[in-house]
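Let me begin by presenting the structure, written as structure tokens, before commenting on it.
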Amino acid sequence: ELKVEQNPLFLSMQEGKNYTIYCNYSTTSDRLYWYRQDPGKSLESLFVLLSNGAVKQEGRLMASLDTKARLSTLHITAAVHDLSATYFCAVERYNNDMRFGAGTRLTVKP
Amino acid sequence: DSGVTQTPKHLITATGQRVTLRCSPRSGDLSVYWYQQSLDQGLQFLIQYYNGEERAKGNILERFSAQQFPDLHSELNLSSLELGDSALYFCASSGGAQYFGPGTRLTVL
């Protein structure tokens with residue numbers, strides 16, 4: 001069974017600092033997604049990673065995928081308050097089954 | 001605005017009842033996914049349709065069913081509702097990345 005583990009589950013950062021969120025999954029997959037969710041809101045797609053070694057960047061966020069290690073990371077550079085949200089990774093298998101991580105609640109403090 | 005619409009936004013009903021949630025995907029997207037988000041279960045994938053055909057099933061209960069119509073809108077039917085079915089229900093459509101609708105908040109009393 002496909003399992004997806006994110007850590008940490010809670011992250012409190014100072015503005016200007018860097019940090020990484022980790023997403024481990026248990027079986028081979030076709031795609032890995034990162035989403036952002038603000039409180040009371042829907043999910044916003046951040047990145048879709050398709051292949052080993054894929055790296056995508058958007059602003060202060062960078063996502064990477066290592067399919068051999070079954071690991072994806074979401075790196076935050078020089079955090080700002082606007083990045084405060086919950087971040088989810090999700091893994092899609094060849095049969096289109098999707099599994100989400102539990103989410104990382106990020107708080108960026110001044 | 002993702003381009004995915006969901007109705008209604010809020011739904012309050014009683015145990016044992018049946019409800020229907022509706023989703024219209026982005027123009028041109030053939031895939032529709034349904035998800036449930038609750039505090040205790042987190043985000044769970046329920047079911048996916050592609051151009052009217054069921055493509056994948058996740059943790060969808062037998063009391064729940066879905067369909068996608070020729071105009072590509074989709075409906076999620078929840079029956080014999082229980083207190084534990086109270087959750088946010090999202091649909092998403094896909095054209096590479098997934099685009100989520102605003103969700104329907106279901107409260108079962």
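A note on names: the letters A, B, ... follow the listed sequences, proteins ahead of strands, and every chain is numbered from 1.
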Under 4.5 Å to a heavy atom of chain A? For Tyr35(B) that would be side chain

Side chain to side chain contact (heavy atoms under 4.5 Å, CB included) for Tyr99(B) and Ser45(A)? Distances and angles first, verdict last. CA-CA 7 Å; Tyr99(B) 298 88; Ser45(A) 180; 5.6 Å; no

For [X], look at atom [atom1] and say whether over 12 heavy atoms of other residues, nucleotides or ligands are found less than 6.0 Å away.
| X | atom1 | result |
| --- | --- | --- |
| Arg105(A) | CZ | no |
| Glu5(A) | CD | no |
| Arg26(B) | CZ | yes |
| Leu83(B) | CG | yes |

Please answer: with hydrophobic residues joined when any side-chain heavy atoms are less than 4.5 Å apart, are [X] and [Y] in the same cluster?
| X | Y | answer |
| --- | --- | --- |
| Tyr33(A) | Leu106(A) | no |
| Phe88(A) | Val48(A) | yes |
| Phe90(B) | Leu106(B) | no |
| Tyr89(B) | Ile60(B) | yes |

* Asked: Taking side chain as C-beta onward, heavy atoms only, is Gln37(A) less than 4.5 Å from Gln37(B)?
  -> yes

**OP:** For Met98(A) and Gln98(B), run side chain to side chain contact (heavy atoms under 4.5 Å, CB included): C-alpha distance rounded to whole Å, both residues' side-chain angles, the deciding distance at 0.1 Å, then the answer.
**Re:** CA-CA 12 Å; Met98(A) 292 266 295; Gln98(B) 286 199 351; 3.8 Å; yes

The interface call for Glu44(A) against chain B, heavy-atom contacts under 4.5 Å, is neither

**Toward chain B, the part of Tyr35(A) with a non-hydrogen atom under 4.5 Å** =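 For Tyr35(A), the contact with chain B is made by the side chain alone.
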
Review point. For the candidates Ser2(B), Gly101(B), Ala92(B), Gly58(B), which exhibits the highest count of non-hydrogen atom pairs separated by less than 4.5 Å from chain A?
Key: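 Of the candidates given, the most pairs with chain A belong to Gly101(B).
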
In this structure, OH of Tyr33(B) is separated from CD of Glu92(A) (nearest 0.5 Å) by 4.0 Å

### Query
In Å and rounded to the nearest 0.5 Å, what is the CD to CZ distance from Gln41(B) to Phe100(A)?
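Output value for this atom pair is 14.5 Å.
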
So which atom in Leu43(A) and which in Phe100(B) form the shortest heavy-atom distance, rounded to 0.1 Å?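 Between these two residues, the closest heavy atoms are O-CB, 3.4 Å.
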
query: Which heavy-atom pair separates Ser42(A) from Pro102(B) by the least distance, and what is that distance?
result: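 Smallest heavy-atom distance, with atoms named: CB-CA, 4.0 Å.
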
